Protein chains: 2
Amino acid sequence: MAVPRSSGHISAAPPTLADVAELAGVSRQTVSNAVNNPDLLRADTLARVQDAIDKLGYQPNRAARSLRTRASHLIGLRMPALQEGTANAMMDRFVHTFVEAAAEAGYHVLLFHGDPADPLDGYDELLRSTAVDAFVVTDTHLGGQQTTWLQSRRARFVSFGRPWTQPDAKHPWVDVDLAYGAEIATEHLIERGHSKIAWIGWHKDSLLGEERRSGWIHAMHTHGLSTTGLASRTEDSISSGKAAADAILDETQPTALVCASDTLAMGVLHSLFERRLRLGEDVAVVGFDDSQVAQTVPPGITSVRPPLEEAARELVKALEELLATPSYAAPGVMLKPALTVRGSS
Amino acid sequence: MAVPRSSGHISAAPPTLADVAELAGVSRQTVSNAVNNPDLLRADTLARVQDAIDKLGYQPNRAARSLRTRASHLIGLRMPALQEGTANAMMDRFVHTFVEAAAEAGYHVLLFHGDPADPLDGYDELLRSTAVDAFVVTDTHLGGQQTTWLQSRRARFVSFGRPWTQPDAKHPWVDVDLAYGAEIATEHLIERGHSKIAWIGWHKDSLLGEERRSGWIHAMHTHGLSTTGLASRTEDSISSGKAAADAILDETQPTALVCASDTLAMGVLHSLFERRLRLGEDVAVVGFDDSQVAQTVPPGITSVRPPLEEAARELVKALEELLATPSYAAPGVMLKPALTVRGSS
DNA sequence: GTGAAACTCTGGATCGTTCCAAGCCATGGT
DNA sequence: ACCATGGCTTGGAACGATCCAGAGTTTCAC
């Protein structure tokens with residue numbers, strides 16, 4: 001249009017490539033190259049164009065660029081269901097680092113919402129409208145519906161969580177070895193002199209639950225300790241954690257408990273509170289997730305801390321490769337958690 | 001182009017408006033109208049076009065639409081700084097409802113990250129590249145930098161948090177009346193028979209802190225109770241909450257404490273834990289924010305619960321109006337919190 | 001039966017960017 | 001002096017949608 005803009009700084013309509021080109025006295029394409037392939041330009045031309053860009057405060061229009069390149073530089077993330085009344089806010093930490101790492105790689109995160117009852121809801125629309133370049137899927141342990149569906153649509157995605165039910169899945173994934181987590185938690189308690197160490201975990205049909213439980217069993221057996229009468233399986237809620245603790249404390253009188261989640265650990269704390277037992281002195285407790293609750297409850301709950309920051313960064317790395325080479329098939333990455341020791345043990 | 005696509009369902013390239021038009025035997029514009037202004041079409045034509053749309057699984061390409069209409073249907077939200085070691089994860093609840101409400105209004109949320117040291121970082125790029133239609137600003141109590149800057153750039157935005165330092169600000173905002181929150185918290189304790197009720201709050205230069213404190217003072221004075229020696233001002237951390245509680249419990253021996261945050265309340269709990277005092281029996285405690293920690297710690301901490309869900313919905317409503325009528329100037333909305341009573345009082 | 005208004009539908013231009021193929025201009029070997 | 005070479009730059013076309021002005025069709029009053 002060649003309509004000269006006053007300053008470009010506070011003007012209502014942002015400057016375009018053509019404006020920059022005119023100011024610098026070059027063609028549109030040269031400006032585009034200056035932005036995307038600076039090494040194609042002669043040094044003096046580049047400098048001139050850069051000056052014009054800075055002067056106008058030019059930023060390429062995202063919609064136009066997306067349209068032409070068929071890439072939005074957006075990564076879709078469906079909001080995990082919010083669980084009130086539990087201790088688990090770890091998604092916060094994950095999302096935070098993910099957004100940060102994605103920004104460094106030139107991607108922004110598109111948060112969307114889907115009907116909690118339908119794990120697929122929301123993906124389709126974004127995919128069809130080419131609104132995002134890829135997805136991050138988070139709740140793979142609830143069954144592989146999302147990943148199989150996305151694969152069938154040839155959508156690009158990475159998952160935080162191994163493909164539990166599809167050993168042949170080819171998408172990149174990152175997960176945390178929580179069997180190992182349960183193992184170091186149990187061994188920590190053994191080192192502290194405990195030998196009657198109970199397990200409070202989730203129902204048998206929870207893949208995650210059985211995974212964690214196996215770590216406890218392995219540690220116990222390695223050290224020649226019996227596990228009979230020491231295991232309990234229940235819902236992931238405070239009240240059922242309390243009920244399980246009540247039962248096991250009455251029956252077997254363990255001196256320490258390993259819980260499959262901080263939520264269950266809080267249930268145990270409720271049981272201890274009622275019995276007027278002192279946490280960390282009369283009974284030791286270890287939780288999972290290293291949630292804010294574990295961090296702040298006096299005297300602090302020892303907890304298995306998943307390396308969410310590292311997981312987020314690994315996922316972004318995988319995404320970059322995936323988007324650079326469409327055929328990219330990464331091996332999954334399994335990360336090891338660490339134990340954060342606090343007053344409860 | 002008129003290249004016929006095989007099925008449109010699993011094909012790599014999504015169907016376009018032209019594909020639909022060809023299949024339905026109408027022009028592109030007619031399809032566009034079918035999507036955006038269905039009442040302009042004759043009933044039978046509309047049905048025919050709809051059929052074609054369904055058959056091909058057509059969704060308008062977002063980039064193309066954005067380019068032409070200059071609207072991205074994205075709302076920018078800068079990730080609030082993550083505070084580990086505090087009890088405050090309320091942003092989670094807010095963001096969740098916000099994303100949900102925004103989705104209903106046809107908007108998605110673009111999460112971005114900015115240098116924590118620079119409250120403006122990140123906004124500029126998105127604004128210049130016309131990546132978002134508007135922003136939601138959240139931390140207004142840290143000073144009005146973001147809002148004044150956005151206003152000067154003529155950006156559209158709403159804020160969660162009143163314009164503390166600019167009484168003449170014209171953007172829509174929603175906030176929670178936390179002076180009222182402190183008031184009902186204090187009155188709740190008075191009703192339970194307490195009269196020596198201490199306040200543990202933030203430093204004097206914290207606008208939020210003084211706001212909440214005034215509610216406590218008001219309630220105390222209304223009931224003819226003295227506040228001398230009962231107020232304490234400190235950092236928002238567990239350790240300083242504990243220190244403040246230690247000091248005030250030694251000096252004035254209050255029977256109840258109102259804390260400006262759940263984090264401070266947890267500090268108090270640490271102090272009680274050390275002194276072997278029973279929470280809710282020997283000493284009553286009320287917190288702020290109704291965080292997961294307050295919900296889960298035995299026997300539960302009574303806490304002032306901000307209506308984050310309602311706030312998020314109000315903000316989306318304001319956004320819709322703002323984007324519909326650019327000159328829209330809403331009065332701010334002030335919401336009242338409620339008290340969630342638990343075992344700690 | 002006729003003209004105008006109302007209703008439907010169409011084709012071309014456009015949003016701002018990148019892709020593509022071709023053009024320009026020095027350089028250098030013959 | 002000439003043509004090939006390669007580095008830089010250019011104008012036109014395209015991405016997929018909507019805006020706009022106009023064309024075709026129907027409806028209805030006179």
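These numbers come from a predicted model, not from an experiment. Naming convention: chains lettered A, B, ... in sequence-line order (proteins, then strands); numbering from 1 in each chain.
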Provide, to the nearest angstrom, the distance between the [atom1] atom belonging to [X] and the [atom2] atom belonging to [N].
X	N	atom1	atom2	result
B:H73	D:dA17	NE2	P	15 Å
A:L67	D:dC15	CG	C1'	4 Å
B:R70	D:dG16	CZ	P	20 Å
B:L41	C:dC7	CG	P	14 Å
A:R128	D:dA17	CZ	C1'	18 Å

- [ ] Report which part of the nucleic acid B:S66 touches: base, sugar-phosphate, or nothing (heavy-atom distance under 4.0 Å, all strands).
- [x] nothing
Under 3.5 Å donor-acceptor, [X] side chain and [Y] backbone:
X	Y	value
B:D121	B:G114	no
B:R68	B:A63	no
B:T325	B:S327	no

Task: A:R65-A:N36 side chain donor-acceptor pair, cut-off 3.5 Å - done: yes
Open item on the list: Do A:H171 and A:T147 pair up side chain to side chain, a donor and an acceptor below 3.5 Å, judged on atom types alone?
Closed with: no
Open item on the list: Would you say B:T45 places a side-chain N or O within less than 4.0 Å of OP1 or OP2 belonging to C:dC9?
Closed with: yes
Open item on the list: Any side-chain N or O of B:S27 below 4.0 angstrom from OP1/OP2 of C:dT10?
Closed with: yes
- [ ] Report, as a single string ordered 5' to 3', how protein heavy atoms within less than 4.0 Å touch nucleotides 18-25 of chain D: B base, S sugar-phosphate only, - not at all.
- [x] BBB-----
Task: B:D124/B:R128 ion pair, N-O < 4.0 Å - done: yes
